[in-house]
J.: 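Got a structure for you, questions after.
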Amino acid sequence: MTDTRERETARKLDGRQCAAAIREEVRAGCAALMEQHGIRPGLTVVLVGEDPASQVYVRNKEKASSAAGMVSEVLRLPADTGEAEILATIDRLNADDSVHGILVQLPLPAEVEEQNVIQRIDPDKDVDGFHPASAGRLLIGMPGFLPCTPAGIMELLKRNGIEMKGRHAVVVGRSNIVGKPMALLLLREHCTVTICHSRTRNLAEVCASADILVAAVGRPGLITADFIKPGAVVVDVGIHRITDEATCIELFGDNPRRLKAVREKGATLVGDVHPLDGAARAGWLSPVPGGVGPLTIAMLLKNTLVSAGNRIR
Ligand code: NAD
C-alpha cells in the first residue's frame, strides 16, 4: 500500500481558487441585478438551537452572502422551538418577497421531523436543493436548484477541464445531499456511473476501475492506494478532525505542518481519501482542506442569485 507514496504526482483540484472565481461572478451578478432591476438578492438562514458546528457554518454563510452584496439574515430560534413554530417561520419567509433563498441549517433538534420542514420551503426559494421537488427535477433533467456540494464539485471538474463524457465515475456514498445527486450530475455529463455504499462488495476493486472517483463516505482516509486507478481524478468530500499524533503520522507521514497543527491547535483536517496515497497515485486530487469545502457556500450564493434573477422573468 505504501510503495506508491514516494512521489506526489496528483495535480491539485483547487477549491479555494474555484470558489473565489464563483463568488466574484456572483458579486458581479448581484451588482448587475441591483443596478438593472433594483433587486437585491436576499438569503435567510434558519438556525434552531446552539450546535457549535452549525453556528460556525451559519456565520460563514452570513459573511459570504453579505460580501456578495446580498441581504443576509439569520433567524436564531431556541433549541426547544417546536415543529409548528418552525413551520410558521418558513411560511412567513415563503410569503416575504424580499427573501429569495431559505436555508434551514441541519441537523434540526431530534424532536423535529426534518422532512416536514424541508418540504414546507417554497421550491422556488429552495437554494439548498433538498426539497423533493428539486430532487425530482434533477432526476428527470429539468432545471432547478442543485444541492450545493455536488453542484460545486461539477464546477470544480468543469473549470479544470476534466473530461467526463464516456468515462467511468464511481461515487462512494449514497446520501441524499451528496452521493445520490452527485451520481445524477455525473450521469447528466454522460459519465458511466457506479454508486457504492456501505454494503458494496469488493469496494476497493470497484473504486480502482474509476476514471473519476468521488469519495463521500464519512470515513477518514478510507480510500487508500489500492482504491485508486493510477492517474484517476479523485474528489474528496469528507471532512474529519484528526486529534491524535499517531493517526496524524499514519495519514500524513512526518509532515511538520500537520503535526504542528495537532500539537498546537489540537487538530488537523483530513478527508475520506488517504492523503499520501491520493497524492502519489491520482492524476488530480482535491485537497482537504481547500478542495470541496469552499465550493459549498459559493454554490449557495449562486443559487440565491439565480432565485432572485428568476423574479424578473
Ligand atoms: P452520510 O453519512 O449521510 O453518508 C455516507 C455514505 O457513505 C452512506 O451512503 C454510506 O452507505 C456510505 N458508507 C459509509 N461507510 C462506508 C464504507 N465503509 N464503505 C462504503 N460506503 C460507506 O454522509 P454525507 O452527508 O454524504 O457526507 C459524507 C462526508 O462528506 C462526511 O465526511 C461529511 O462531513 C462530508 N461533507 C462535506 C461537505 C463539504 O462541503 N465539503 C458537505 C457535505 C458532507
Side-chain angles (χ1 to χ4, degrees), residues 13-19 22-23 45 51-54 56-61 64 103-108 114-115 118 127-130 135 138 146-157 169-186 193-210 213-224 226-228 234-243 247 251 267-275 278 285-303:
L13 287 168
D14 190 336
R16 285 199 182 110
Q17 199 181 66
C18 183
I22 294 167
R23 285 169 65 159
V45 177
D51 177 66
S54 292
V56 175
Y57 296 144
V58 166
R59 216 173 306 127
N60 289 340
K61 287 167 188 171
L103 182 150
V104 176
Q105 184 64 43
L106 303 177
L108 288 168
E114 241 163 54
Q115 268 307 322
I118 291 171
V127 288
D128 235 352
F130 294 166
L138 168 59
L146 301 175
C148 301
T149 300
I153 293 170
M154 295 312 285
E155 290 292 326
L156 190 62
L157 295 174
V170 173
V171 179
V172 192
R174 57 174 163 181
S175 71
N176 288 336
I177 62 169
V178 189
K180 278 187 223 164
M182 187 73 242
L184 289 167
L185 287 172
L186 290 162
V193 181
T194 303
I195 306 177
C196 298
H197 46 80
S198 52
R199 315 287 168 88
T200 298
R201 293 180 191 165
N202 309 325
L203 182 65
E205 201 180 303
V206 180
C207 290
S209 71
L213 177 63
V214 180
V217 203
R219 301 273 179 273
L222 175 85
I223 306 296
T224 46
D226 47 334
F227 288 62
I228 303 170
V234 179
V235 179
D236 191 352
V237 188
I239 310 174
H240 314 277
R241 280 165 56 83
I242 299 300
T243 52
T247 313
L251 291 166
T268 190
L269 294 180
V270 75
D272 292 336
V273 178
H274 193 295
L285 176 67
S286 69
V288 177
V292 173
L295 288 161
T296 302
I297 291 187
M299 296 312 286
L300 172 70
L301 302 181
K302 189 167 181 182
N303 280 349

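Below, each value reflects all heavy atoms present in this structure, side chains not excepted, and no hydrogens, waters or symmetry copies. Positions are given from 1 along the sequence. Indexing begins at 1, ligand by ligand and atom by atom, following the structure's order. Remember, predicted model here, so these are calculated numbers, not experimental data.
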J.: Would you call C196 a ligand 1 contact, heavy-atom distance under 4.0 Å?
T.: no
J.: Which residue owns the protein heavy atom closest to atom 6 (C) of ligand 1, what's the atom, and how far is it?
T.: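 Here the closest protein heavy atom is G173 CA, 3.6 Å.
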J.: Which heavy atom in L13 sits nearest to a heavy atom in P287, and how many Å separate them?
T.: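 In this case the closest contact between L13 and P287 is O-CD, 3.2 Å.
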J.: If you count the atoms of ligand 1 from 1 in the order shown, which ones are under 4.0 Å from a heavy atom of I177?
T.: 25 (O)
J.: With a 4.0 Å cut-off on heavy atoms, is H240 in contact with ligand 1?
T.: yes
J.: Looking only at protein heavy atoms, which one is nearest to atom 31 (C) of ligand 1, and how far off is it?
T.: G218 CA, 3.8 Å
J.: Measure the spacing between CG of L269 and CD1 of I242 and express it to the nearest 0.5 Å.
T.: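 The CD1 atom of I242 is 8.5 Å from CG of L269, to the nearest 0.5 Å.
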J.: Is G293 close enough to touch ligand 1? Criterion: a residue heavy atom under 4.0 Å from a ligand atom.
T.: yes
J.: Considering distance alone, does some N or O of D272 sit under 3.5 Å from an N or O of ligand 1?
T.: no
J.: T200: heavy atom below 4.0 Å from ligand 1, yes or no?
T.: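 T200: no contact with ligand 1 (<4.0 Å).
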J.: Which heavy atom of the protein is the closest neighbour of atom 33 (C) of ligand 1, given with residue, atom name and distance?
T.: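 Ranked first by proximity to atom 33 (C) of ligand 1 is I239 N, 4.5 Å.
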J.: Who's the nearest protein heavy-atom neighbour of atom 27 (O) of ligand 1, and how far?
T.: V178 CG2, 4.4 Å
J.: Hey, looking at atom 42 (C) of ligand 1, which of D236, L106, L222, T149 has the closest heavy atom?
T.: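 It is T149 that holds the nearest heavy atom.
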J.: Among protein heavy atoms, which sits nearest to atom 3 (O) of ligand 1, and what does the distance come to when rounded to 0.1 Å?
T.: S175 CB, 3.4 Å
J.: Which protein heavy atom lies closest to atom 35 (C) of ligand 1, and at what distance to 0.1 Å?
T.: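 Atom 35 (C) of ligand 1 sits closest to the protein heavy atom V237 O, 3.3 Å.
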J.: List the closest protein heavy-atom neighbour of atom 8 (C) of ligand 1: residue, atom name, distance to the nearest 0.1 Å.
T.: R174 N, 3.9 Å
J.: Can you tell me which residue and heavy atom of the protein come closest to atom 18 (N) of ligand 1, and the distance to 0.1 Å?
T.: R219 NE, 4.1 Å
J.: Taking atom 11 (O) of ligand 1 as the point of reference, which of P181, S286, S198 owns the nearest heavy atom?
T.: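 It is S198 whose heavy atom sits nearest to atom 11 (O) of ligand 1.
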J.: Among T296, V217, I297, which one has a heavy atom closest to atom 14 (C) of ligand 1?
T.: V217
